[in-house]
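Every chain is numbered from 1, with letters handed out A, B, ... down the list of sequences.
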Protein chains: 2
Amino acid sequence: MNDLDSPFPTARQRSRERAAKREAVLRAAVRMFNERGFHQTSLDDVAARLGVSKPTIYHYLGNKDQVLLECVKLGLTQLLDAAAASRALPGTGADRLVTFLTRYAEINMDDFGRCVVRTRDEALEPDSRTKFRALKRQIDDQLRGLIADGMADGSLAPGDPKLLGFALAGALNWIGHWHEPTGALAPNDIARQLVTTLARGFLPR
Amino acid sequence: MNDLDSPFPTARQRSRERAAKREAVLRAAVRMFNERGFHQTSLDDVAARLGVSKPTIYHYLGNKDQVLLECVKLGLTQLLDAAAASRALPGTGADRLVTFLTRYAEINMDDFGRCVVRTRDEALEPDSRTKFRALKRQIDDQLRGLIADGMADGSLAPGDPKLLGFALAGALNWIGHWHEPTGALAPNDIARQLVTTLARGFLPR
DNA sequence: TAAAGACTATACTCACGAGTAACTTGTATT
DNA sequence: AATACAAGTTACTCGTGAGTATAGTCTTTA
């Protein structure tokens with residue numbers, strides 16, 4: 001904790017620095033994947049952007065597949081956290097759902113969140129693909145659970161939770177394809193407006 | 001027109017056969033692109049599936065980029081046709097929109113339609129990418145136009161046509177990612193149910 | 001019947017990019 | 001001081017897959 005300005009870093013500082021570098025690699029990679037696509041981005045490109053050489057990336061992450069897997073994991077973890085947080089909230093099922101959806105939309109405007117929806121399963125190698133799918137399924141289940149809760153307590157119009165889940169997820173995932181980070185509106189505003197629009201559809205009349 | 005069963009095909013038959021072969025290449029390619037992904041599918045693979053060799057594909061289509069471009073064009077053309085047909089229909093703006101959305105959903109369960117939503121712009125080479133984007137923008141414009149019409153004649157709840165367009169397009173495009181052609185429900189049923197769900201959101205109360 | 005053109009195959013070239021070997025330098029450990 | 005490890009580098013290998021050169025067959029046309 002007592003960070004002296006000594007040129008000799010402590011073990012703690014060094015491990016923190018290592019983590020920061022690893023993160024920087026992921027951040028650079030995910031930006032380029034989102035801009036140019038995974039297959040159009042070589043690890044040489046990523047390394048060049050960071051001003052290092054390719055083996056450096058291999059030093060921090062095993063291989064290209066790992067890099068992508070870590071990126072999507074970071075996005076999916078955010079979503080999972082958002083789901084857990086929403087479910088723990090007081091209020092009606094509809095309230096919790098709206099909270100979750102809003103956060104979901106925001107995450108889709110984040111680098112790692114965008115990567116999740118822009119990454120096709122097949123881009124990953126079999127093992128990673130399995131993990132990726134499992135995580136996505138968890139999100140799906142969480143969403144369906146929230147919907148089912150709302151329908152059960154009457155705060156949501158009755159219907160098929162699975163179908164509604166697909167519709168909502170689709171509408172929000174799509175953000176990751178059209179949203180420009182340089183746009184005029186703040187992510188927060190977009191999220192709110194979009195969720196309000198969607199809410200008209202599932203709230204009872 | 002008078003197809004004799006002579007072993008000597010007429011010029012008309014031959015050109016029809018050529019078109020059929022070209023189509024078969026595209027059909028085989030798009031199926032494999034959808035299943036395994038564009039980058040994971042080599043033209044050798046496609047050729048093998050058809051029982052021919054790679055140069056045969058190059059004989060009918062210039063290169064891999066062309067193959068993909070033709071596939072997405074076939075999907076986009078269907079969407080454009082659907083938009084034109086819907087706009088020509090009598091009834092309220094909302095009626096026309098619902099018709100279009102239903103057809104839109106169905107197309108996303110078709111081989112070529114799925115290819116459209118599963119294809120990232122960057123997979124195409126610059127020229128093709130420009131064409132691809134231009135076509136997609138046309139669809140977007142059509143959708144927004146239908147929405148604006150409905151809002152203007154009062155058959156749709158007022159709101160931001162652009163945002164609603166994104167929400168609807170997203171919900172329906174997503175079908176191309178989750179729908180399994182082998183599923184229990186018929187595409188038609190899925191389309192109808194999904195659009196009904198969405199319509200709850202944009203019809204006036 | 002000769003020449004041209006359509007269609008298909010075999011067998012290449014060639015670039016690209018993932019991943020690695022081997023080496024350098026600095027820092028921590030014993 | 002010696003050794004081991006961390007963090008990089010340069011300079012490779014090597015598989016894959018897009019695209020092509022060349023040749024062969026069959027059909028149509030002059």
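Look at CG on Asp45(A): it is 8 Å from P on dA18(C), rounded to the nearest Å. When the P atom of dG8(D) is taken as reference, atom CZ of Arg22(A) falls 14 Å away, rounded to whole Å. Look at CZ on Phe33(B): it is 13 Å from P on dG17(D), rounded to the nearest Å. Taking atom CG of Leu50(B) as the reference point, atom C1' of dA9(C) lies 15 Å away to the nearest angstrom. Rounded to whole Å, atom C1' of dT16(D) lies 13 Å from atom CD of Gln40(B). Leu43(A) places its CG atom 5 Å from the P atom of dA18(C), with the value rounded to the nearest Å. Per the geometry, CD belonging to Glu17(A) stands 9 Å off P belonging to dA7(D), to the nearest Å. Separating the CG atom of Leu68(A) from the P atom of dA18(C) is a distance of 12 Å, rounded to the nearest angstrom.
Residue contacts for Ser42(B): at a heavy-atom cut-off of 4.0 Å it reaches the sugar-phosphate backbone alone, with no base atom in range.
Under 3.5 Å, the side chain of Lys64(B) and the base of dG19(D) form no donor-acceptor pair of N or O atoms. At a cut-off of 3.5 angstrom, the base of dA9(C) holds no donor-acceptor pair with the side chain of Lys54(B). In this model, no side-chain donor or acceptor of Lys21(A) finds a partner on the base of dA7(D) within 3.5 Å.
Side-chain proximity of Ser53(A) to dA9(C), dT10(D), dA7(D): nearest is dT10(D). Of the listed nucleotides (dT9(D), dG19(D), dA7(D)), dG19(D) has the atom at the smallest distance from the side chain of Asn63(B).
In terms of phosphate contacts, Tyr58(B) brings no side-chain nitrogen or oxygen within less than 4.0 Å of OP1 or OP2 of dC7(C). Dashed line: the shortest gap from a side-chain N or O of Thr56(B) to OP1 or OP2 of dC7(C) is not under 4.0 Å. For His59(A), no side-chain nitrogen or oxygen approaches OP1 or OP2 of dG8(D) to under 4.0 Å. Taking side-chain N and O atoms only, Arg18(A) has no distance below 4.0 Å to OP1 or OP2 of dA6(D).
Under a 4.0 Å N-O distance rule, the pair Asp45(B)/Arg49(B) does not qualify as a salt bridge. The residues Arg129(A) and Asp121(A) are annotated as not salt-bridged, no charged nitrogen and carboxylate oxygen being separated by less than 4.0 angstrom. Ion pair Arg103(B)/Asp81(B) not flagged as a salt bridge, since none of the NZ, NE, NH1 or NH2 atoms sits closer than 4.0 Å to an Asp/Glu carboxylate oxygen.
Side chains of Asp127(A) and Thr130(A): no donor on one and acceptor on the other come within 3.5 Å.
Around the CD atom of Glu23(B), the shell of radius 6.0 Å holds no more than 12 heavy atoms that belong to other residues, nucleotides or ligands.
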